[in-house]
Trainee: 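Following this message is one structure expressed as structure tokens.
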Amino acid sequence: MKPSRFLPLAWFAFAAPLGAAEPLYKNDFEAAEVNKAPADVMIMAGSFAVKPDGAGKVLELPGEPLDTFGMLFGPSAKEDISASGRFHGTKQGRKFPTFGISLNGVGGYRLQVSPAKQQLEFVKGDEPKLGVPFVWASDSWTALRITVRKDGAGWVIEGRAWPAGSPEPAEPTIKLEEKAEPTAGRAGIWGSPYAGTAIRFDDLLLAPLK
């Protein structure tokens with residue numbers, strides 16, 4: 001558990017989402033070794049490493065090179081699942097980072113904050129699916145949650161984004177209905193440090209929906 005000044009953020013990020021059951025994966029990096037990637041994740045690309053953050057620890061992606069990097073975590077799942085975490089980025093001039101969280105493996109659904117577009121987006125693999133207006137605050141923590149659930153003959157993908165430390169919104173910020181069956185795969189986090197500044201991640205959580 002993080003020291004007291006981190007508790008409000010950690011509490012909201014690690015609180016069970018609406019309709020969620022016992023977590024399948026949970027990591028706040030407090031037990032991880034500094035300057036190394038966590039042992040229980042799969043790095044797809046990027047120099048992810050645990051770093052000190054005040055009196056606690058976070059996972060950090062360096063501000064260079066300027067590309068898109070990702071890391072998978074937790075067990076494989078297809079539907080009725082939720083993934084969440086906290087994300088911190090900083091703009092530099094007119095340059096902005098991009099970051100997100102995903103389900104269903106590398107080619108699955110990604111909930112992505114794209115500050116340069118002022119949008120919260122759904123991306124499937126490399127294909128943009130849907131975007132809605134979103135105001136992102138630089139140099140602050142943003143909480144993200146993505147869910148994929150079966151609904152009749154189709155699937156509903158929902159995303160929520162809110163300032164970490166404040167209550168999670170009851171209604172989704174973005175919602176997508178799909179007919180194509182998703183593939184089973186691990187959850188993931190993603191970052192594109194286009195601003196040349198580090199992106200930080202914390203409080204990753206994967207849980208089935210009730």
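Remember, predicted model here, so these are calculated numbers, not experimental data.
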Trainee: What residues, two or more places apart in sequence or in another chain, satisfy side chain to side chain donor-acceptor pair (under 3.5 Å) together with W136?
Mentor: none
Trainee: Indicate every side-chain donor-acceptor pair of residues 93-107 with a distance under 3.5 Å to a residue at least two apart or in another chain.
Mentor:
| from | atom 1 | to | atom 2 | distance (Å) |
| --- | --- | --- | --- | --- |
| S102 | OG | G188 | N | 3.4 |
| S102 | OG | W190 | NE1 | 2.8 |
| N104 | ND2 | K78 | O | 2.8 |
| N104 | ND2 | T183 | O | 2.9 |

Trainee: Give a yes or no answer on whether the side chain of K57 reaches the backbone of A32 with a donor-acceptor pair at less than 3.5 Å.
Mentor: yes
Trainee: So do the side chains of D202 and W141 get within less than 4.5 Å of each other, counting heavy atoms only?
Mentor: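 Side-chain contact under 4.5 Å: yes.
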Trainee: Report yes if some heavy atom in the side chain of N35 is under 4.5 Å from a heavy atom in the side chain of V50; otherwise report no.
Mentor: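 When only atoms from C-beta onward are counted, V50 and N35 do not touch, as no gap falls below 4.5 Å.
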Trainee: In the single-linkage hydrophobic clustering (I, L, V, M, F, W, Y; side-chain heavy atoms under 4.5 Å), do M44 and V41 co-cluster?
Mentor: no
Trainee: So how far is it from E177 CD to E158 CD, rounded to the nearest 0.5 Å?
Mentor: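 Going from the CD atom of E177 to the CD atom of E158 covers 9.0 Å.
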Trainee: Going by side chain to side chain contact (heavy atoms under 4.5 Å, CB included), name the residues that satisfy it together with V135, two or more places apart in sequence or in a different chain.
Mentor: none
Trainee: Does the pair E168/R145 count as a salt bridge with the N-to-O cut at 4.0 Å?
Mentor: yes
Trainee: Distance from K26 atom NZ to L206 atom CG, nearest 0.5 Å?
Mentor: 13.0 Å
Trainee: Between F87 and L144, is the side-chain contact (heavy atoms from CB on, under 4.5 Å) condition met? List the steps.
Mentor: CA-CA 8 Å; F87 302 76; L144 296 178; 3.7 Å; yes
Trainee: Hey, could you give me each pair passing salt bridge (charged side-chain N to carboxylate O under 4.0 Å, His left out) that has a residue in residues 135-144? Not counting sequence neighbours.
Mentor: none
Trainee: Any side-chain heavy atom of L61 sitting closer than 4.5 Å to one from I189?
Mentor: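 They are not in side-chain contact.
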Trainee: Give the other cluster members for V156, using side-chain heavy-atom distances under 4.5 Å between Ile, Leu, Val, Met, Phe, Trp and Tyr residues; answer none if it is isolated.
Mentor: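 Taking Ile, Leu, Val, Met, Phe, Trp and Tyr as members, V156 stands alone, with no cluster partners.
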Trainee: Are any of the side-chain nitrogens in K124 or E127 under 4.0 Å away from the carboxylate oxygens of its partner?
Mentor: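 No, K124 and E127 are not salt-bridged.
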Trainee: L66 and P193: which non-hydrogen atoms are nearest, and at how many Å?
Mentor: CD2-O, 2.9 Å
Trainee: Under the rule for side chain to side chain contact (heavy atoms under 4.5 Å, CB included), what residues qualify as partners of Q92, not counting sequence neighbours?
Mentor: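 Q92 satisfies side chain to side chain contact (heavy atoms under 4.5 Å, CB included) with A195, T197 only.
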Trainee: Is the shortest distance from a Lys or Arg side-chain nitrogen in R160 or E171 to a carboxylate oxygen in the other one below 4.0 Å?
Mentor: no
Trainee: Any side-chain heavy atom of M71 sitting closer than 4.5 Å to one from M42?
Mentor: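 They are not in side-chain contact.
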Trainee: Heavy atoms, side chains only, cut-off 4.5 Å: are I174 and L176 in contact?
Mentor: no
Trainee: Taking the side chain as every heavy atom from C-beta outward, state whether P208 and L24 have any atom pair closer than 4.5 Å.
Mentor: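 Yes, at least one pair of side-chain atoms sits under 4.5 Å.
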Trainee: Test: ring-ring contact (aromatic ring centres under 6.0 Å, His included). Region: residues 38-72. Which pairs qualify, not counting sequence neighbours?
Mentor: F48-F201
Trainee: Residues in side chain to side chain donor-acceptor pair (under 3.5 Å) with R200, at least two apart?
Mentor: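 Per chain and number, R200 pairs via side chain to side chain donor-acceptor pair (under 3.5 Å) with D53, H88.
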Trainee: Examine the side chains of T68 and S192 and answer whether a donor and an acceptor come within less than 3.5 Å of each other.
Mentor: yes
Trainee: Who are the side chain to side chain donor-acceptor pair (under 3.5 Å) partners of D40, not counting sequence neighbours?
Mentor: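 With neighbours one apart ignored, the set is Y25.
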Trainee: Other members of the hydrophobic cluster containing V123, with the 4.5 Å side-chain heavy-atom rule, please.
Mentor: none
Trainee: List the residues meeting side chain to side chain donor-acceptor pair (under 3.5 Å) with K150, not counting sequence neighbours, and say none if there are none.
Mentor: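 For K150, no residue satisfies side chain to side chain donor-acceptor pair (under 3.5 Å) once neighbours in sequence are set aside.
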Trainee: Salt bridge (charged side-chain N to carboxylate O under 4.0 Å, His left out) between R149 and D80: does it pass, once the steps are laid out?
Mentor: CA-CA 4 Å; R149 60 181 172 84; D80 298 326; over 6 Å; no
Trainee: Could you state the interatomic distance from OG1 (T90) to CD1 (I199), rounded to the nearest 0.5 Å?
Mentor: 9.5 Å
Trainee: After noting the C-alpha distance and the side-chain angles of V113 and F134, does the key distance pass the side-chain contact (heavy atoms from CB on, under 4.5 Å) rule?
Mentor: CA-CA 8 Å; V113 177; F134 183 74; 4.1 Å; yes
Trainee: Which pairs count as salt bridge (charged side-chain N to carboxylate O under 4.0 Å, His left out) when at least one residue sits in residues 107-119, sequence neighbours excluded?
Mentor: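 Sorted pair list: K117-E121.
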Trainee: Any heavy-atom pair between the side chains of I146 and I157 that's under 4.5 Å?
Mentor: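 Yes. Closest side-chain heavy atoms under 4.5 Å.
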Trainee: Is there a path from L72 to L204 through hydrophobic residues (I, L, V, M, F, W, Y) whose side chains come within less than 4.5 Å of each other?
Mentor: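 No, because L72 and L204 fall into different hydrophobic clusters, even though each may have its own neighbours under 4.5 Å.
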